Amino acid sequence: MRRYLIAGNWKMHMTGPDTRTLIRELDQSIGRNPRVDVLVCPPFTALAAAREATASTAIGLGAQNVHWEDKGAFTGEVSCDMLLDCGCTHVIIGHSERRQLFSEDDSTVNRKLTKVLTTELIPILCVGETLQQREDGTTEKAILDQLEAGLKGLTPQETSRMIVAYEPVWAIGTGRTATPAIAQEVHAAVRDWFDRIQGSEVAANIRILYGGSVNPGNVSGLMAEPDIDGALVGGASLKAESFSQLCSF
Ligand code: PGA
């Protein structure tokens with residue numbers, strides 16, 4: 001039985017003091033929902049504060065990006081070991097903002113994913129179609145191409161540890177959420193792809209999150225769909241009130 005995961009992607013928000021306050025408020029307001037795991041992904045600079053603040057809570061800690069090399073002359077980058085050293089258990093890979101604004105492509109995503117899967121970190125691989133692709137009727141192809149290229153060379157033994165986040169680009173930060181039916185259709189296609197390429201066991205167990213303008217008003221409809229196992233939340237994860245409501249959908 002898959003457990004839900006509600007993950008907050010804080011993006012470029014929150015200083016150390018802001019982080020301590022938000023996590024304290026979250027800890028006080030998040031009910032203990034036994035079906036739900038909760039994760040926050042602060043910016044790198046707030047990870048130390050977040051580690052301290054989450055220490056005696058049930059809130060997990062993730063990062064928003066990682067480099068595939070262990071160390072070296074890569075100004076501005078951080079390695080898997082550095083994230084583990086900060087207490088991270090998860091890391092987001094291939095978010096559409098990284099793909100669109102920082103020129104990440106499927107091959108860099110593949111390098112990151114391959115590296116992360118050699119460590120204890122759990123990758124959350126983001127895939128999603130643009131508005132153009134949806135209007136052209138090529139959504140499924142776009143998503144499956146990203147999976148194909150992103151997971152190139154990886155075996156079921158490796159991919160059984162990963163999480164996928166389906167985030168339609170047109171729904172991120174726009175207030176336009178995919179309807180539960182639209183999201184479910186893509187989630188089912190993703191699970192079916194895993195079934196064909198990585199085997200039935202990986203497909204049955206892999207958690208597939210939905211992301212894109214998830215809020216307290218639409219979360220329960222989305223989570224009621226059979227192949228939606230949680231949410232990756234941007235804007236609504238920055239306030240304790242909305243994020244805690246999301247976690248107890
Ligand atoms: P949003 O962001 O919830 O603000 O749309 C989601 C994401 O980018 O992960």
Side-chain angles (χ1 to χ4, degrees), residues 4-14 18-19 22 26 30 36-44 46-47 50 59-66 88-104 109 112-113 116 121-131 133-134 139 142-143 146-147 150 162-180 182-183 186-187 190 207-223 225 228-249:
Y4 288 100
L5 173 66
I6 304 290
N9 173 11
W10 291 4
K11 308 192 180 184
M12 199 170 74
H13 296 280
M14 300 286 164
D18 296 339
T19 296
L22 178 54
L26 279 177
I30 290 179
V36 179
D37 295 324
V38 178
L39 185 77
V40 293
C41 302
F44 293 140
L47 287 175
I59 302 168
L61 188 59
Q64 300 173 19
N65 188 21
V66 69
C88 291
T89 52
H90 292 66
V91 60
I92 298 170
I93 293 180
H95 189 279
S96 65
E97 285 151 15
R98 303 261 0 133
R99 293 180 193 252
Q100 293 200 317
L101 305 174
F102 302 99
S103 310
E104 283 194 15
V109 167
K112 291 179 183 201
L113 188 60
V116 167
L121 287 167
I122 296 171
I124 302 175
L125 171 68
C126 300
V127 295
E129 83 283 10
T130 61
L131 185 57
Q133 289 167 324
R134 174 144 297 267
T139 295
I143 304 297
Q146 284 172 24
L147 288 174
M162 65 182 283
I163 295 171
V164 173
Y166 165 56
E167 299 203 304
V169 177
W170 49 269
I172 295 178
T174 59
R176 252 186 97 181
T177 327
T179 62
I182 286 178
V186 178
H187 281 235
V190 170
R207 293 202 275 190
I208 308 172
L209 316 183
Y210 169 78
S213 298
V214 178
N215 62 47
N218 58 31
V219 66
S220 49
L222 289 160
M223 296 308 121
E225 295 293 340
I228 302 184
D229 307 311
L232 183 55
V233 186
S237 72
L238 296 172
K239 293 259 183 316
E241 195 186 348
S242 46
F243 195 58
S244 57
Q245 282 173 24
L246 282 175
C247 295
S248 46
F249 61 87

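Order of listing sets the numbers, starting from 1, for every ligand and every atom in it. Just so it is clear, the model here is predicted, and its values are computed rather than measured.
- A pairwise comparison of heavy atoms in C126 and L232 identifies SG-CD2, 3.8 Å as the closest pair.
- Listed by number with element, the atoms of ligand 1 under 4.0 angstrom from any heavy atom of S213 are 1 (P), 3 (O), 5 (O).
- Around atom 5 (O) of ligand 1, the closest heavy atom drawn from G8, G173, P168, A7 belongs to G173.
- Those atoms of ligand 1 with a heavy atom of K11 less than 4.0 angstrom away are 2 (O), 7 (C), 8 (O).
- H187 is linked by a ring pair (Phe, Tyr, Trp, His ring centres under 6.0 Å) to Y166, counting only residues two or more places apart in sequence or in another chain.
- Near G235, meaning under 4.0 Å from one of its heavy atoms, ligand 1 places the atoms 1 (P), 3 (O), 4 (O).
- In the candidate list H95, R176, E97, E167, H95 is nearest to atom 8 (O) of ligand 1, counting heavy atoms.
- Residue L47 holds its CG atom at 8.5 Å from OG1 of T19, rounded to the nearest 0.5 Å.
- Residue G212 places a heavy atom under 4.0 Å from ligand 1.
- Partners of E241 according to the side chain to side chain contact (heavy atoms under 4.5 Å, CB included) rule, which considers only residues two or more places apart in sequence or in another chain, are Q245.
- Close approach to G234 involves these atoms of ligand 1, each under 4.0 Å from a residue heavy atom: 1 (P), 2 (O), 3 (O), 4 (O), 6 (C).
- Atom CG of L39 sits about 5.5 Å away from atom NE2 of H90, to the nearest 0.5 Å.
- Residue contacts with ligand 1, taken as heavy atom pairs separated by less than 4.0 Å, involve I172 via backbone and side-chain atoms alike.
- F243 and L26 get closest at one heavy-atom pair: CD2-CD2, 3.6 Å.
- Between the side chains of E129 and W170, a donor-acceptor pair is found at a separation under 3.5 Å.
- Residue A171 touches ligand 1 through its backbone alone, judged by heavy-atom distances below 4.0 Å.
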